[in-house]
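Counting starts at 1 for both ligands and their atoms, following the listed order.
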Amino acid sequence: MAGYEAVIGLEVHAQLRTESKLFCSCSTAFGAEPNEHVCELCGGLPGAVPRLNEKAVELAAKAGFALDCTVNASSIFSRKNYFYPDLPGGYQTSQFAPPICEHGRLDVTVNGQTRRIGITRIHLEDDAGKCVHGQGGVTLVDLNRAGTPLIEIVSEPDIRSAEEAAEYMRQIHAILVCIGATDGNMEEGSLRCDANVSVRPRGETRLGTRSEIKNLNSFRNVQKAVEYEISRQLACLEDGVALVQETRLFDSVRQVTQSMRTKEDAHDYRYFPNPDLPPVLVSAEQMTRWRGELPELPAPRAARFVKDYGL
Ligand code: ADP
Ligand code: MG
Ligand code: ZN
């Protein structure tokens with residue numbers, strides 16, 4: 001690492017703790033038979049009209065307050081267009097500009113050193129379904145998860161080590177579980193993260209070429225994947241191999257990342273405002289009520305236990 005620094009930004013996806021999906025009344029319960037919880041809307045049939053789940057808006061706003069964000073009184077749902085068999089509508093309903101929350105921060109302590117990580121945005125979006133790659137060379141599609149409400153929490157590229165990335169993820173998990181925004185069950189995929197990693201010479205202010213490691217589902221995998229990726233990129237620089245912006249997958253058995261595809265830029269998704277959904281409005285009364293309902297958060301609670309009980 002001598003002479004270089006790692007630059008890391010995380011995109012954390014959390015499944016919100018609602019009973020029904022983001023835009024229809026299908027159940028979000030985990031573990032049902034395949035395609036038991038599907039209707040015309042979350043099955044992507046043309047002409048089906050979405051209706052927004054208020055509880056999801058409440059939980060997203062509370063996550064925003066807990067992470068010191070500005071919660072926008074008005075935000076927009078857009079269509080993010082791409083093709084995949086588990087995305088029957090051909091687009092994901094997400095928020096591009098403006099998202100429901102922006103400009104937050106989270107303080108993360110590693111080895112006694114506290115650093116402030118900026119939070120760029122938190123947006124609401126629906127999850128895709130799942131492809132189940134079976135025997136006999138067939139792939140089956142299960143849409144139970146399609147339309148489940150998620151928040152995506154995007155950090156600034158402020159993280160500087162694998163330990164810090166894992167600790168940031170632990171803090172986000174603790175906060176979201178504490179405020180009841182997610183059940184935090186990582187084995188069931190309720191919290192997962194994409195890690196964006198680049199390296200650059202120390203003192204350089206421009207960002208290096210990043211790779212994005214998809215779908216890390218444990219704190220340990222976040223740390224191991226980022227560690228591996230930093231050393232892989234440094235080795236490329238040493239060998240004079242040019243880095244490309246790409247999406248990679250972490251193989252937790254072999255403990256390596258592997259290239260999956262080159263990475264799209266946002267404009268390739270052709271985002272446009274979803275014509276079926278009006279702006280998401282959060283009233284002053286809702287802001288005050290939701291902020292007031294937040295419990296004491298993990299960091300202040302820990303500080304209070306140290307101060308009051310000498311723990
Ligand atoms: P996308 O969905 O295309 O990945 P986002 O803006 O949602 O785009 O997320 C990009 C993430 O990558 C953010 O967390 C950001 O901080 C991080 N990031 C952007 N550029 C770099 C870079 N050069 N090195 C490391 N992280 C980066
Ligand atoms: Mg990304
Ligand atoms: Zn449905």
Vertex the Zn ion (ligand 3), ends C42/SG and C26/SG: angle to nearest 10° comes to 110°
At under 4.0 Å between heavy atoms, which part of L10 makes contact with ligand 1: side chain, backbone, both or neither? backbone
Nearest candidate to atom 8 (O) of ligand 1, where distance is taken over non-hydrogen atoms, out of H123, E212, R210: R210
For atom 14 (O) of ligand 1, state which one of S155, P157, S198 supplies the nearest heavy atom. S155
Under 4.0 Å from a heavy atom of E156: which atoms of ligand 1 are those, numbered in the order shown and with their elements? 16 (O)
Could you go step by step and tell me if D107 and T114 meet the side-chain hydrogen bond (donor to acceptor under 3.5 Å, both in side chains) rule? CA-CA 6 Å; D107 288 343; T114 301; over 6 Å; no
Does Y4 reach the side chain of Q233, with side-chain heavy atoms less than 4.5 Å apart? no
Nitrogen or oxygen atoms of T209 and ligand 1 under 3.5 Å apart: no
Is the shortest N/O to N/O distance between G208 and ligand 1 below 3.5 Å? yes
R210-N196 side chain donor-acceptor pair, cut-off 3.5 Å: yes
Any salt bridge between E152 and K80, counting N to O under 4.0 Å? no
Grab the two heavy atoms, one from E164 and one from D158, that are nearest each other, plus how far apart they are. OE1-O, 3.9 Å
Of all heavy-atom pairs linking K214 and T247, the shortest is CG-CG2, 3.4 Å
So, is C39 placed with an N/O/S atom under 2.8 Å from the Zn ion (ligand 3), counting both backbone and side chain? yes
